[in-house]
Amino acid sequence: MHKMHLLIGVLNGFFYIDSTGKPKFANSVPAGTTTSVDYNTGSNNITAFVIDNPNQEYVVKADAAVTQAMLGAANQMNNLSWTASDNKDGQSITQLDVSTAATTGMFTLVRSANDPENNDLTVPGANVIVTIGKSSALYN
């Protein structure tokens with residue numbers, strides 16, 4: 001039996017009270033981060049912000065050349081092996097795996113991002129626009 005996985009959305013950052021009692025917004029939270037009690041909530045939990053609009057468009061890098069025929073296809077993000085320090089300013093470094101075009105892909109490749117610095121679709125690393133696939137969005 002095939003297990004269905006649904007996405008709530010895309011993580012967009014965190015809020016917590018750091019160990020000195022100061023509020024902090026961050027793209028990532030290192031393992032072992034100590035938090036203090038938030039006097040508004042009475043909790044020392046870390047709050048995650050998730051973009052859950054099923055029509056939201058995201059800019060991601062493609063891991064290979066993108067052809068016109070790939071537009072509209074469902075794809076997965078690369079399931080890469082990386083270490084905790086592999087990020088760019090706390091942002092994800094994962095890429096759209098354009099070779100996984102299938103009906104089970106969680107992201108739909110919409111178009112080029114028209115980024116002048118990364119707009120060459122014939123080489124890996126081009127910026128493209130994706131949306132969460134309609135069959136993959138939990139709140140669709």
Side-chain angles (χ1 to χ4, degrees):
M1 180 176 182
H2 177 70
K3 183 177 180 181
M4 176 68 115
H5 296 283
L6 298 175
L7 292 175
I8 293 172
V10 173
L11 181 66
N12 194 40
F14 300 94
F15 172 78
Y16 61 96
I17 306 298
D18 70 14
S19 60
T20 67
K22 294 181 181 176
K24 183 163 186 161
F25 289 91
N27 287 331
S28 61
V29 179
T33 296
T34 303
T35 61
S36 298
V37 174
D38 182 342
Y39 69 89
N40 290 310
T41 64
S43 168
N44 66 340
N45 291 337
I46 297 172
T47 301
F49 298 104
V50 176
I51 300 170
D52 62 358
N53 177 349
N55 298 312
Q56 178 70 41
E57 294 182 338
Y58 304 95
V59 177
V60 299
K61 290 197 175 297
D63 71 339
V66 176
T67 66
Q68 186 73 26
M70 293 175 178
L71 300 179
N75 296 273
Q76 300 287 17
M77 298 303 285
N78 274 331
N79 189 11
L80 301 173
S81 175
W82 58 80
T83 64
S85 61
D86 288 343
N87 64 57
K88 181 172 179 359
D89 302 323
Q91 297 178 8
S92 173
I93 59 168
T94 190
Q95 297 177 325
L96 185 70
D97 187 355
V98 295
S99 67
T100 62
T103 57
T104 58
M106 292 186 143
F107 294 90
T108 302
L109 178 55
V110 179
R111 65 179 180 280
S112 165
N114 292 324
D115 175 357
E117 304 273 327
N118 297 298
N119 201 30
D120 185 356
L121 297 179
T122 64
V123 298
N127 285 343
V128 294
I129 303 290
V130 299
T131 59
I132 295 175
K134 299 299 181 198
S135 61
S136 298
L138 182 61
Y139 299 118
N140 191 14

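Bear in mind that the values here come from a model prediction, so they are computed numbers and not experimental data.
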> Measuring from Ile17:CD1 to Thr41:OG1, what's the distance to the nearest 0.5 Å?
Replying inline: 7.5 Å
> Mind checking whether Val128 and Val60 have side chains closer than 4.5 Å, heavy atoms only?
Replying inline: yes
>> Same cluster or not: Met106 versus Val110, using hydrophobic residues (I, L, V, M, F, W, Y) connected whenever any side-chain heavy atoms lie under 4.5 Å apart?
In response: no
> Between atom NZ of Lys24 and atom OG1 of Thr33, what is the distance when rounded to the nearest 0.5 Å?
Replying inline: 8.0 Å
> With hydrophobic residues grouped by side-chain heavy-atom distances under 4.5 Å, do Val29 and Val37 end up in a single group?
Replying inline: no
> Can you find a heavy atom in the side chain of Thr131 that is under 4.5 Å from one in the side chain of Phe107?
Replying inline: no
> Distance-only, no hydrogens or angles: does the Ser112 side chain make a donor-acceptor pair with backbone N or O of Asn114 under 3.5 Å?
Replying inline: yes
> Residues two or more places apart in sequence or in another chain: which of them pass side-chain contact (heavy atoms from CB on, under 4.5 Å) with Asp63?
Replying inline: Asn78, Gln95, Asp97, Val98
> Which value, rounded to the nearest 0.5 Å, describes the distance between Asn44 atom CG and Asp18 atom CG?
Replying inline: 12.5 Å
> Can you tell me how far CG of Asn55 sits from NZ of Lys134, rounded to the nearest 0.5 angstrom?
Replying inline: 4.0 Å
>> Considering only residues two or more places apart or on different chains, which pairs with a residue in residues 6-47 satisfy ring pair (Phe, Tyr, Trp, His ring centres under 6.0 Å)?
In response: Phe15-Phe25
>> Using a 3.5 Å distance criterion without hydrogens, assess whether the side chain of Thr35 forms a donor-acceptor pair with backbone atoms of Asn45.
In response: no
>> For a 4.5 angstrom cut-off between non-hydrogen side-chain atoms, does Asp115 reach Val59?
In response: no
> About how many Å separate CG of Asn75 and CG of Leu96, when rounded to the nearest 0.5 Å?
Replying inline: 4.5 Å
> How far does CD1 of Ile132 sit from OG1 of Thr108, to the nearest 0.5 angstrom?
Replying inline: 9.5 Å
> Does a sphere of radius 6.0 Å around CD1 in Ile8 hold more than 12 heavy atoms from other residues, nucleotides or ligands, not counting ones at 6.0 Å or beyond?
Replying inline: no
> Would you say Val130 and Leu71 are hydrophobically clustered, going by side-chain heavy atoms of ILVMFWY under 4.5 Å?
Replying inline: yes
>> Filter on salt bridge (charged side-chain N to carboxylate O under 4.0 Å, His left out), then keep only pairs touching residues 34-61, sequence neighbours left out; what's left?
In response: Glu57-Arg111
> Given the rule that I, L, V, M, F, W and Y join up when any side-chain heavy atoms are under 4.5 Å apart, are Tyr58 and Ile129 in one cluster?
Replying inline: no
>> Restricting to non-hydrogen atoms, name the atom on Ser36 and the atom on Gly21 that form the minimum distance, rounded to 0.1 Å.
In response: OG-N, 3.8 Å
